[in-house]
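Comments concern the structure below.
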Amino acid sequence: MLNRKPQGVLCDISGVLKNSVNGKDEAIEQSIKAFERLQQSGMPYVLCTNESCYSTAEMARKLNRIGFKISPDKIISPVSVVKQIIKENGHRPYILVNEKVVGEFDQFDQSDPDVVVVGDAEDDFTYETMNNTFRLLVGGIEQQEYLILEKVGFRICRKYYYDSG
């Protein structure tokens with residue numbers, strides 16, 4: 001039980017506001033009404049998702065199509081967080097992410113990368129792309145901080161197996 005009034009709401013999207021049924025998004029029963037009440041209350045809120053295949057703009061469009069009224073600036077996603085980290089630290093990323101969000105990283109200088117971003121790249125997870133990613137980490141930027149973006153969040157990785165034979 002809270003001893004004081006909440007100062008804001010952090011709400012997950014998938015499984016709380018919507019579900020995907022046979023590849024089609026559907027609002028969860030009463031979630032649109034509940035969300036409208038939250039918006040009318042004036043309580044600060046942010047929606048969050050761990051879906052790394054969509055930009056916040058696309059996530060907002062998906063929600064708006066099924067009846068919500070939401071703007072992208074009210075959504076936090078792995079992509080938006082990684083973009084913020086890259087921007088704040090002046091990184092030059094090597095990007096291996098889902099083709100739907102590759103364009104989200106066009107604003108960054110990607111020459112001579114100093115950080116690697118790996119996400120839900122689906123069919124682009126090939127031996128060649130993973131080997132290129134690994135070689136960048138081991139051969140060029142192993143001493144730099146690097147991020148692996150997964151559906152579950154971020155990991156800092158600094159270990160690998162090397163066989164000289």
Side-chain angles (χ1 to χ4, degrees), residues 1-91 93-108 110 113 115-126 129-130 133 137 145-159:
M1 191 76 186
L2 292 175
N3 292 331
R4 58 189 171 119
K5 182 180 175 185
Q7 302 298 303
V9 174
L10 178 63
C11 180
D12 192 8
I13 295 173
S14 298
V16 177
L17 299 179
K18 74 167 187 75
N19 279 326
S20 292
V21 179
N22 297 323
K24 183 180 179 204
D25 289 328
E26 295 180 356
I28 293 176
E29 188 175 340
Q30 300 297 315
S31 63
I32 294 172
K33 284 184 183 179
F35 185 69
E36 287 172 348
R37 286 182 59 199
L38 172 63
Q39 288 176 308
Q40 292 166 359
S41 76
M43 174 77 68
Y45 69 91
V46 175
L47 304 181
C48 61
T49 181
N50 64 348
E51 293 188 41
S52 58
C53 296
Y54 303 105
S55 66
T56 55
E58 180 57 26
M59 186 58 70
R61 279 191 290 277
K62 288 167 63 91
L63 289 168
N64 289 331
R65 275 194 294 263
I66 60 173
F68 292 93
K69 293 182 178 101
I70 186 71
S71 63
D73 64 318
K74 290 290 192 177
I75 299 174
I76 297 174
S77 72
V79 174
S80 65
V81 171
V82 169
K83 284 173 54 178
Q84 183 175 346
I85 291 169
I86 292 169
K87 184 177 181 179
E88 288 176 357
N89 294 284
H91 287 303
Y94 172 80
I95 304 296
L96 179 57
V97 296
N98 191 287
E99 65 182 19
K100 296 175 203 164
V101 296
V102 167
E104 291 290 304
F105 297 92
D106 287 348
Q107 64 188 295
F108 301 109
Q110 295 179 32
V115 66
V116 171
V117 179
V118 178
D120 189 4
E122 295 179 343
D123 293 338
D124 289 330
F125 277 132
T126 64
T129 59
M130 292 304 293
T133 302
L137 295 172
E145 173 184 29
Y146 52 95
L147 304 173
I148 294 184
L149 168 62
E150 298 180 327
K151 286 196 170 194
V152 296
F154 307 102
R155 292 185 185 173
I156 301 297
C157 302
R158 300 211 188 270
K159 296 180 183 178

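The model shown is predicted, which means the values in this text are computed figures rather than measured ones.
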- Nearest non-hydrogen partners of V102 and D106, listed with the distance: O-OD1, 3.8 Å
- Item | Straight-line distance of S80 OG to M59 CE, nearest 0.5 Å | 10.5 Å
- Item | Distance, nearest 0.5 Å, that separates CG of N98 from CG of D123 | 9.5 Å
- In short, salt bridge (Lys or Arg N to Asp or Glu O under 4.0 Å) pairs touching residues 8-20 with sequence neighbours left out are K18-D25, K18-E51
- Query: Which pairs pass salt bridge (Lys or Arg N to Asp or Glu O under 4.0 Å) with one or both residues in residues 30-42, sequence neighbours excluded?
  - Reply: none
- Query: Take atom CD in E29; do more than 12 heavy atoms of anything else shown fall under 6.0 Å from it?
  - Reply: no
- Provide the closest heavy-atom pair for V101 versus S52 in the form atom of the first, atom of the second, distance. CG2-O, 3.7 Å
- All ring-ring contact (aromatic ring centres under 6.0 Å, His included) counterparts of Y45, not counting sequence neighbours: F35
- L96 side chain reached by V116 side chain, heavy atoms, under 4.5 Å: no
- Report the residues that fulfil side-chain contact (heavy atoms from CB on, under 4.5 Å) with Q110, sequence neighbours left out, ordered by chain and then residue number. P93, I95, F105
- S41 versus L38, closest heavy-atom pair with distance: OG-O, 2.6 Å
- Nearest-0.5 Å distance, CG of residue L17 to CD1 of residue I70: 8.5 Å
- Task: Sequence neighbours left out, what passes side-chain contact (heavy atoms from CB on, under 4.5 Å) with A27? Give chain and number order.
- Result: S31, I32, I66, F68
- Item | Side chains of V97 and V79 in contact at under 4.5 Å (non-hydrogen atoms) | no
- Task: Among residues two or more places apart or on two chains, list those pairs meeting salt bridge (Lys or Arg N to Asp or Glu O under 4.0 Å) that have a residue in residues 73-89.
- Result: K83-E104
- Message: Let me confirm one number: the SG-CD distance from C53 to E122, rounded to the nearest 0.5 Å.
- Response: 5.0 Å
- Do I85 and V115 have side-chain heavy atoms sitting under 4.5 Å apart? no
- Out of curiosity, K24 NZ to N22 CG, how far, rounded to the nearest 0.5 Å? 10.0 Å
- Separation between CG of D124 and OG1 of T129, rounded to the nearest 0.5 Å: 6.5 Å
- Task: Determine, step by step, whether L63 and I75 satisfy the side-chain contact (heavy atoms from CB on, under 4.5 Å) criterion, reporting the C-alpha distance in whole Å, the side-chain angles of both residues, the deciding distance to 0.1 Å, and the verdict.
- Result: CA-CA 11 Å; L63 289 168; I75 299 174; 4.2 Å; yes
- Message: Just to verify, what does P72 make a side-chain contact (heavy atoms from CB on, under 4.5 Å) with, not counting sequence neighbours?
- Response: T56, A57, A60
